[in-house]
Amino acid sequence: MEEQFKVKTEHFEGPLDLLLSLIEKRKLFINDISLAKVTDDYISHVKSYENFPVDQSANFILIASTLLLIKSRSLLPALKLTEDEEKNIEDLQNRLKIYQRMKELSSNVKKMYGSNLIFAKSETKNIQTVFSPDKETNVSKLLSTIREVLKNLPKKEILPKVLVRKVISLEETIEKLTGRIKTSLRMSFKNFSGFGKEEKVNVIVSFLAMLELVKNGIINVMQQSKHGDIEMETQEIGVPKYH
Amino acid sequence: MDLDIKIESILFFKGEPVAIKKLAQILNVSEPEISDALKVLEEKLQDRGVCLMQKDDSVMLGTTPSSSELIESIIKEDLNKDLGKAGLETLSIILYRGPIRRSEIDYIRGVNSQFVLRHLLIRGLIEKEIDAKDQRVILYKPTFELMSYLGIKKLEELPEFSEVRKEIENFNAINKEDDETQENKSEQTLSEN
Amino acid sequence: MDLDIKIESILFFKGEPVAIKKLAQILNVSEPEISDALKVLEEKLQDRGVCLMQKDDSVMLGTTPSSSELIESIIKEDLNKDLGKAGLETLSIILYRGPIRRSEIDYIRGVNSQFVLRHLLIRGLIEKEIDAKDQRVILYKPTFELMSYLGIKKLEELPEFSEVRKEIENFNAINKEDDETQENKSEQTLSEN
């Protein structure tokens, strides 16, 4: 496996912040090759966040699924992606480029902020006040105003449910696959991944789990015909625990 | 940067009389040097909207005399125009939650209230009070004139006073915790991985 | 008395941002005349202790940035000069791409910005504006307070400001073409099946 690029434990504002720093640390440009390269680092970094706040983890996982798409295409150039998936990949690259540009510009803002201030005129002290309410300064208007203020108090934003829908994580799938294979020694990819029943992103995650196991020499696979089903078989009986 | 320019910045910022001695102290120069610089400043302010005013040994910047009529009309207009949404909102918070510090008003309104408060002060609707617990903190509260104008002797006489006050207190309580957890959360992930 | 002199008196007296429309109303002249007078004032304030700040269609006087240290030495309360990473990122996006809606900020940052936006609003560094095209949409934009902390009289003084604005226009232009081709394509497929 490529030397695991050790990312300093700095605090990342979000997935794009993490992804950009992984790419910039390797002095790469933003394109699908560099994204494929940093996918492993990204996933291992996300896995290192133990009790991860739910709303944040969803953002990280969403980006992870696009990265997995890019990575799977780099492992299997023949893999045909839908127009939406192509757009997702292009969209991620666009977002990252804008983010990178904003990060550059924010260094100017950081340098300037608080260095040379402009001050407004101070409040004139001991001003002779003139009691002058306006026509709306009355008890009923003030009550309706405070009621309005209370109504507009910001409520905790309830997390958009769709964001947190359980995307089966790569690790869980690998463990499931390893477990299944240990018992049945031979199995077809189609019924393991629930091809045709399961959502596409989960099929892809299963596919990548299978590729990881092939890469780590745990299973070997055979595909008789083009687009045909894939037979999976364990290499040795004692399958190592995938840490 | 020449002395007269520095003096102009100080006097503009202060917006009130400043002793020449004080200027010498701040700028670390002798008083005669200040006086010379003041002459230069006076010269430079010839065709400007502000002018240098001197009384005894204090100086200040003021609006140039030829604008005084204009300024009078603005003062009158400022006092009679509507308070507007921001003014009424801030005033209602001070009535139902006062005495209250500015940071809490900003928190409830979700916006900075610095200029609105100045305006309510000039109109004699609210006044400042030093927080007994912490001298540096300024609290804002309704003026007696306002309360008598509204026909109440105590704030508790305002309609739905206790319900509203409780609702605001709950909001502050939940959110203060949230803000703390939000801040600790970001620290937490830092120390965690 | 020239218009620029009257304007300076008003801005000095007010001590807060004033809309050009308001100045035109007070002085009973057209807005273009006010804008011309503002150029004259700006000229007169070159290397003076006071400077003219301009944002959208409001103006304000402030101490010249080079007096910053001097003024800081005489103020008591400490200025909150730190900006967390999230705050810095969000402010930069709003400064260079504002007025901008929250969903776009989230899109660029890849995270939910609700908490940091509220924090910046309360500190008075950004302000809300209703989108003229669609009343329900709220846009976020910089404030005079933010410009004061950055020491800039106009947003254009930000490094690479005009280049970035051009980059955005081109980017939106290409997207608009894409969207149009997208739309024609979907119309086509609609008509086909």
Side-chain angles (χ1 to χ4, degrees), chain A residues 10-21 53-60 62-63 66 83 87 90-92 94-124 127 152-160 163, chain C residues 11-17 50-51 53 60-69 71-72 75 79-86 88-93 95-97 106-112 114-116 118 144-153 157-161 164 167-168 171:
Chain A
E10 100 247 5
H11 165 62
F12 292 104
E13 271 315 309
L16 297 183
D17 188 11
L18 166 60
L19 195 48
L20 185 63
S21 101
V54 175
D55 53 2
Q56 278 203 353
S57 58
N59 291 322
F60 278 87
L62 265 175
I63 302 281
T66 312
E83 215 186 294
K87 198 166 176 317
E90 202 209 323
D91 186 53
L92 176 59
N94 260 337
R95 280 174 83 178
L96 214 48
K97 283 178 186 145
I98 299 175
Y99 185 76
Q100 184 177 45
R101 183 76 171 109
M102 282 303 128
K103 239 174 179 312
E104 271 161 38
L105 293 168
S106 68
S107 63
N108 304 329
V109 176
K110 186 174 175 138
K111 253 196 267 89
M112 295 168 77
Y113 192 84
S115 49
N116 279 318
L117 284 94
I118 295 175
F119 290 88
K121 191 172 87 148
S122 315
E123 208 182 326
T124 27
I127 15 138
N152 298 334
L153 289 177
K155 308 204 195 12
K156 284 286 286 159
E157 192 175 284
I158 19 116
L159 208 58
L163 247 183
Chain C
L11 295 182
F12 175 79
F13 168 73
K14 283 270 193 185
E16 60 186 36
V50 176
C51 70
M53 294 172 78
M60 181 177 152
L61 288 180
T63 56
T64 187
S66 37
S67 305
S68 177
E69 240 167 77
I71 305 291
E72 280 187 72
I75 51 175
L79 294 161
N80 181 351
K81 285 192 185 173
D82 50 35
L83 261 183
K85 199 171 177 187
L88 179 63
E89 245 178 42
T90 309
L91 278 180
S92 307
I93 293 171
L95 276 165
Y96 281 94
R97 303 177 75 95
D106 292 351
Y107 175 82
I108 293 173
R109 294 190 60 227
V111 251
N112 180 319
Q114 175 205 357
F115 173 70
V116 67
R118 187 171 149 73
F144 275 103
E145 179 85 347
L146 175 56
M147 288 167 64
S148 307
Y149 267 90
L150 292 168
I152 54 175
K153 304 193 284 297
E157 286 174 17
L158 281 170
E160 301 179 77
F161 185 76
V164 175
E167 277 164 32
I168 302 168
F171 182 75

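In what follows, every chain begins at residue 1, and chains take the letters A, B, ... in the order their sequences are listed.
Heavy-atom pairs under 4.5 Å with chain A were tallied for C:Glu145, C:Arg97, C:Glu69; the largest tally goes to C:Arg97. Interface remark: of the candidates A:Arg95, A:Lys121, A:Glu123, A:Lys110, A:Arg95 forms the most heavy-atom pairs closer than 4.5 Å to chain C. Chain A forms more heavy-atom pairs under 4.5 Å with one residue of C:Ile93, C:Ile152, C:Ile108 than with any other, namely C:Ile108.
Proximity to chain C is absent for every atom of A:Lys111, based on heavy atoms less than 4.5 angstrom apart. For C:Leu150, the parts lying near chain A are the backbone and the side chain together; criterion is any non-hydrogen pair under 4.5 Å. For C:Phe13, the part sitting under 4.5 Å from any heavy atom of chain A is the backbone (N, CA, C, O) and nothing else. Heavy atoms of C:Phe144 lying under 4.5 Å from chain A are absent altogether. For C:Tyr149, the parts lying near chain A are the backbone and the side chain together; criterion is any non-hydrogen pair under 4.5 Å. The contact between C:Glu167 and chain A is made entirely by side chain atoms (from C-beta outward), counting heavy-atom distances below 4.5 Å. Heavy-atom distances place both the backbone and the side chain of A:Asp91 under 4.5 Å from chain C.
Here CD1 of A:Ile63 is found 8.0 Å from CG of A:Leu96. Values are rounded to the nearest 0.5 Å. In this structure, CG in C:Leu95 is found 10.0 Å from CG in A:Leu105, a value given to the nearest 0.5 Å. Atom CD1 of C:Ile71 and atom CZ of A:Phe119 lie 6.5 Å apart (nearest 0.5 Å). Between C:Gln114 atom CD and C:Arg118 atom CZ the span is 9.0 Å, to the nearest 0.5 Å. The distance from the OH atom of A:Tyr113 to the CG atom of C:Asp82 is 8.0 Å, given to the nearest 0.5 Å. Expressed to the nearest 0.5 Å, how far OG of C:Ser148 lies from NZ of C:Lys153 amounts to 12.0 Å.
A salt bridge is absent between A:Glu90 and A:Lys87; no separation between the charged side-chain nitrogens and carboxylate oxygens falls under 4.0 Å.
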